[in-house]
*Asks:* 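Pasting a structure below so you can have a look.
Letters go in sequence order (proteins before strands), and every chain restarts at 1. Worth knowing before you read on, the calculation uses all heavy atoms, side chains too, and leaves out hydrogens, waters and symmetry mates.
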2 protein chains.
Amino acid sequence: MSSDGPGAGPGKRPGIADVARASRVSIATVSRVLNGSGQVSDRRRATVLRAVAELGYRPNEAARVLVSGRSRIVGLLAADTRRTGHHATIRGVQEAAGERGLIVAVSVVRTEDPADVAAAVELLLGQPLAGVVGVEFDDSVTAALELLPASMPAASARRIGARVSPVPHAHIDDEVAARLVTEHLLDLGHDTVHHLSVGPPPEEGRGRTAGWRRALEARGRRVPEPLPVTWDPTSSLRAARDDLPDDATALLCFNDETALGALRGLAEAGRRVPEDVSVAGFDDDPVSRLLHPSLTSVRMDWHALGRLALEQLVARIEERPAPDDVALPAVLVPRESSAPPRA
Amino acid sequence: MSSDGPGAGPGKRPGIADVARASRVSIATVSRVLNGSGQVSDRRRATVLRAVAELGYRPNEAARVLVSGRSRIVGLLAADTRRTGHHATIRGVQEAAGERGLIVAVSVVRTEDPADVAAAVELLLGQPLAGVVGVEFDDSVTAALELLPASMPAASARRIGARVSPVPHAHIDDEVAARLVTEHLLDLGHDTVHHLSVGPPPEEGRGRTAGWRRALEARGRRVPEPLPVTWDPTSSLRAARDDLPDDATALLCFNDETALGALRGLAEAGRRVPEDVSVAGFDDDPVSRLLHPSLTSVRMDWHALGRLALEQLVARIEERPAPDDVALPAVLVPRESSAPPRA
DNA sequence: CTGAAAGCGCTTACAG
DNA sequence: CTGAAAGCGCTTACAG
């Protein structure tokens, strides 16, 4: 059909040999131009680049990976992809990866069931991977990370103080953030602040629960027993409605979704926000400013966390020393849901 | 270090040749066992499988793709990954893909800027792809899909009636869903229903806006001018607060996030929900039942939509005829935000 | 049912 | 700065 010579038929996508032929250089030279490796004269480089553009040549990635052993796929392990913290972290990983020409393949760890954990890992290991990033906010992801072969570069994004896998990581300091909101509530005049906490009991020694506790202790305030809740806001609805002591006037929630449940629970209990109880969330969800009352929260930079985790992975892949674990600032966002207690 | 013979050194991961050697068959036979292609005697099959397990052999996917031309990576193009509709659709694609041993590589089309659209597509095309699924709820994704080479199998998930790319697709019928909620509002006794609509003006002829309009027309009700809003709930806040006519008693929103903004806007305007105005959303977001008042909505099966879109893609890849485009049911979820108008 | 061999499209020493 | 050649680890006709 065509007279472009062998290998340049109309249906077949062009290979590196076609480019070499068109630009009258060797295959090796085309490869060097494309990879920026080795030295190539400007004249030849220009010729090759022109041929590449004319032919619409795109290197065959499979061949590239086979011979070089270097993939551009980053596996991502996450237990959730919707909630603000998880979601924004994943977006951060994706963005930073995209800027480096890496693509992210997401594998969701559905439950803590070892079979689900293994399945999520296997799905990833079926591909040639540059490395794996774990969004290590859940034990299931820690378990998944531990299933990776030692030879696989890995890194994770996590909250400060978590019990976790031994991979390099970036972390977000929700302890300082919790301190910030707790102090805000105390500054408003509340005697103490109650707390809805997600996680197993020992979780209380870490992260936002630790920050809340320390802020209270630093001012010599009474530290109420934290109310245990789950990620499901129904649990915070019940806790706020049924278990919050009558004398509580301020409530710090695990995150904004937890706070949303609490807001509803308090309403069902006939307690007004902020008149009877001040409520604060965590993460500054995009919709929190639209609630009625709008929700006081603290903005965490999950997005930057994701980017940093990806950078940690890249450093590990390139065998550079791990970059410094930057402190990500938290910003208090006071809104209508927090106010001074009634006199 | 080891005496396992050539090629089986300790650091190197085993290849198909190692498995062949260990099970005393040819490489071709190992390949047949692993791929379930060709006929292999049960005895040999068992031996091979044992060797695979013992060596912890995992085929090199890059080599596989290079020679077979068949990748197991599905590219996914989406303009958003957070909102309920987008998010649940993506999860559906991911799940269905995982069940088939395919992994999903997500590429986010950040804006409608042609450069962003092209970048999202290029990121994907850098990999060997089995095909591409587009979450075609936004024009930017349609544009991205159109940039794909004709030889690339593609499919999309979309809403009914949208102006879209010519790829095979699965669709969700938000028109019937809109009819359902609108009728619910009318059944409650409202004279008519106002509407907050996302999309360019012609959008009014399609999807949820069309369903709303037809439900009103079918009962001979006045059809108010739809209030144009964007995906950003701040716009619905303003519209509900500033532009909703005084005599409006019922408001159908584009989605639950839009409704959230509207709820706030109405509150700021001093109008109570549902006493003064009934409000309904769309999509039944996980948090909508926790709002106060809880939000009347209609549940769309985005998750199934995602699964179906993936099935469409697989059919296209396998050159089977496209599966039937199943109708995905919508379920009305009446809650506190809708009630009879005041007498 | 089985094996020997070609070949997928690149990168990378190696030699000049 | 450049090219000829080996080889990455598989799948797949082809021949038996």
*Asks:* For the pair A/His303 and A/Thr89, evaluate side chain to side chain contact (heavy atoms under 4.5 Å, CB included) and give the outcome as yes or no after the intermediate values.
*Replies:* CA-CA 5 Å; A/His303 196 268; A/Thr89 302; over 6 Å; no
*Asks:* If you measure from CZ on A/Arg82 to CZ on B/Arg83, what distance do you get to the nearest 0.5 Å?
*Replies:*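 Reported value, rounded in 0.5 Å steps: 14.0 Å.
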*Asks:* Rounded to the nearest Å, what distance is computed from the CD1 atom of residue A/Ile16 to the P atom of nucleotide C/dG7?
*Replies:*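 The answer, rounded to whole Å, is 19 Å.
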*Asks:* Is any side-chain N or O of A/Arg64 closer than 4.0 Å to OP1 or OP2 of C/dC10?
*Replies:* no
*Asks:* At a heavy-atom distance below 4.0 Å, what parts of residues 51-59 of chain B sit against DNA chain C?
*Replies:* none
*Asks:* Would you say A/Asn35's side chain and A/Ser37's backbone share a donor-acceptor pair under 3.5 angstrom?
*Replies:* no
*Asks:* As a test of reading the structure: which of C/dT2, D/dT12, C/dC10 is closest to the side chain of B/Ser68, going by heavy atoms?
*Replies:* D/dT12
*Asks:* Which pairs with one or both residues in residues 70-93 of chain A pass ring pair (Phe, Tyr, Trp, His ring centres under 6.0 Å), sequence neighbours excluded?
*Replies:* A/His86-A/Phe137, A/His86-A/Trp231
*Asks:* How many whole angstroms separate atom CZ of B/Arg21 from atom P of C/dG3?
*Replies:* 14 Å
*Asks:* Where each residue is assigned the nucleotide of DNA chain C containing its nearest heavy atom, which of B/Val67 and B/Asp42 is assigned the position nearer the 5′ end?
*Replies:*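 It is B/Asp42, whose closest nucleotide lies nearer the 5' terminus.
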*Asks:* Rounded to the nearest 0.5 Å, how far does CG of B/Asp80 lie from CZ of B/Arg110?
*Replies:*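 B/Arg110 atom CZ to B/Asp80 atom CG measures 12.5 Å (nearest 0.5 Å).
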*Asks:* Mind checking B/Ser41 for me? I need base, sugar-phosphate or nothing, with any heavy atom below 4.0 Å counting as a touch.
*Replies:*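 If one applies the 4.0 Å heavy-atom cut-off, B/Ser41 turns out to touch the sugar-phosphate alone, with no base involved.
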*Asks:* With a 4.0 Å cut-off, would you call B/Glu95 and B/Arg100 a salt bridge?
*Replies:*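 No salt bridge links B/Glu95 with B/Arg100.
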*Asks:* Can you tell me which residue pairs pass the ring pair (Phe, Tyr, Trp, His ring centres under 6.0 Å) test with a partner in residues 89-125 of chain B, sequence neighbours excluded?
*Replies:* none
*Asks:* Go through C/dC1, C/dC10, D/dT11 for me and flag the one nearest to the A/Asn60 side chain.
*Replies:* C/dC10
*Asks:* Identify whether the distance between the nearest side-chain nitrogen and carboxylate oxygen of B/Glu311 and B/Arg320 falls below 4.0 Å.
*Replies:*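 No, no charged N to carboxylate O under 4.0 Å.
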*Asks:* Is the backbone N or O of A/Ser140 less than 3.5 Å from a side-chain atom of A/Asp138, with the two atoms forming a donor-acceptor pair by type?
*Replies:*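 Judged by distance alone, no pair lies under 3.5 Å.
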*Asks:* Can you check whether A/Arg70's main-chain N or O pairs, donor with acceptor, with A/Ser68's side chain at less than 3.5 Å?
*Replies:*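 Yes.
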*Asks:* Could you tell me the separation between the CG atom of B/Asp18 and the P atom of D/dC8, rounded to a whole number of Å?
*Replies:*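 Whole-Å distance recorded here is 12 Å.
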*Asks:* Is the phosphate of C/dA4 approached by B/Ser26 (side-chain N or O, under 4.0 Å from OP1 or OP2)?
*Replies:*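 So the side chain of B/Ser26 is outside the cut-off, no N or O lying under 4.0 Å from OP1 or OP2 of C/dA4.
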*Asks:* Between C/dC10, D/dT2, D/dG9, which one does the side chain of A/Val40 approach most closely?
*Replies:*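 Looking only at heavy atoms from C-beta outward on A/Val40, the closest nucleotide is D/dT2.
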*Asks:* Give the dot-bracket string for DNA chain D, reading 5' to 3', where a pair is Watson-Crick or G-U wobble with both distances under 3.5 Å, ( ) marks pairs inside the strand, [ ] marks pairs crossing earlier ones, | marks a partner on another strand, and . marks unpaired.
*Replies:* |||.||||||||.|||
*Asks:* Between C/dT11, D/dG3, C/dG3, which nucleotide has the shortest distance from any of its atoms to the side chain of B/Thr29?
*Replies:* C/dG3
*Asks:* Collect all protein-nucleotide pairs involving nucleotides 13-16 of chain D in which both atoms are nitrogen or oxygen and the distance is under 3.5 Å.
*Replies:*
residue, atom, partner, partner atom, Å
D/dA13, N6, B/Arg32, NH2, 3.3

*Asks:* Supply the atom-to-atom distance A/Leu310 CG to A/Leu305 CG, rounded to the nearest 0.5 angstrom.
*Replies:* 11.5 Å
*Asks:* What donor-acceptor contacts under 3.5 angstrom involve side-chain atoms of residues 44-59 of chain A, with partners at least two apart or in another chain?
*Replies:*
residue, atom, partner, partner atom, Å
A/Arg45, NH2, A/Val40, O, 3.2
A/Thr47, OG1, A/Arg43, O, 2.8
A/Arg58, NH1, B/Glu122, OE1, 2.7

*Asks:* What contact category does B/Arg43 fall into here, base, sugar-phosphate, or nothing, at under 4.0 angstrom with non-hydrogen atoms?
*Replies:* nothing
*Asks:* Tell me if a side-chain donor or acceptor on B/Asp18 pairs with a main-chain N or O of B/Gly15 at a distance below 3.5 Å.
*Replies:* yes
*Asks:* Grab the CD-P distance between A/Glu61 and C/dG9 for me, whole Å please.
*Replies:* 15 Å
*Asks:* A/Ile27 has an atom CD1; how far is it from atom P of D/dT2, in whole Å?
*Replies:* 16 Å
*Asks:* Nearest to the side chain of A/Val25, which nucleotide is it out of C/dT12, C/dT11, D/dG3?
*Replies:*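 Among the listed nucleotides, the one closest to the side chain of A/Val25 is D/dG3.
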*Asks:* With the side chain of B/Arg44 defined as its heavy atoms from C-beta on, choose the nearest nucleotide among C/dC10, C/dT2, C/dC1.
*Replies:*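 So the nucleotide nearest the side chain must be C/dT2.
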*Asks:* How far, in whole Å, is C/dT12 from C/dG16 if one measures between their C1' atoms?
*Replies:*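 C/dG16 and C/dT12 have their C1' atoms separated by 16 Å.
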*Asks:* In whole Å, what is the span from the CD atom of B/Gln39 to the C1' atom of D/dT12?
*Replies:* 15 Å
*Asks:* For B/Leu66 and D/dT11, what is the distance between atoms CG and P respectively, to the nearest whole Å?
*Replies:* 11 Å
*Asks:* Whole angstrom is fine here: how far is it from CG in B/Asn35 over to P in D/dG9?
*Replies:*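 Computing the B/Asn35:CG to D/dG9:P distance gives 17 Å.
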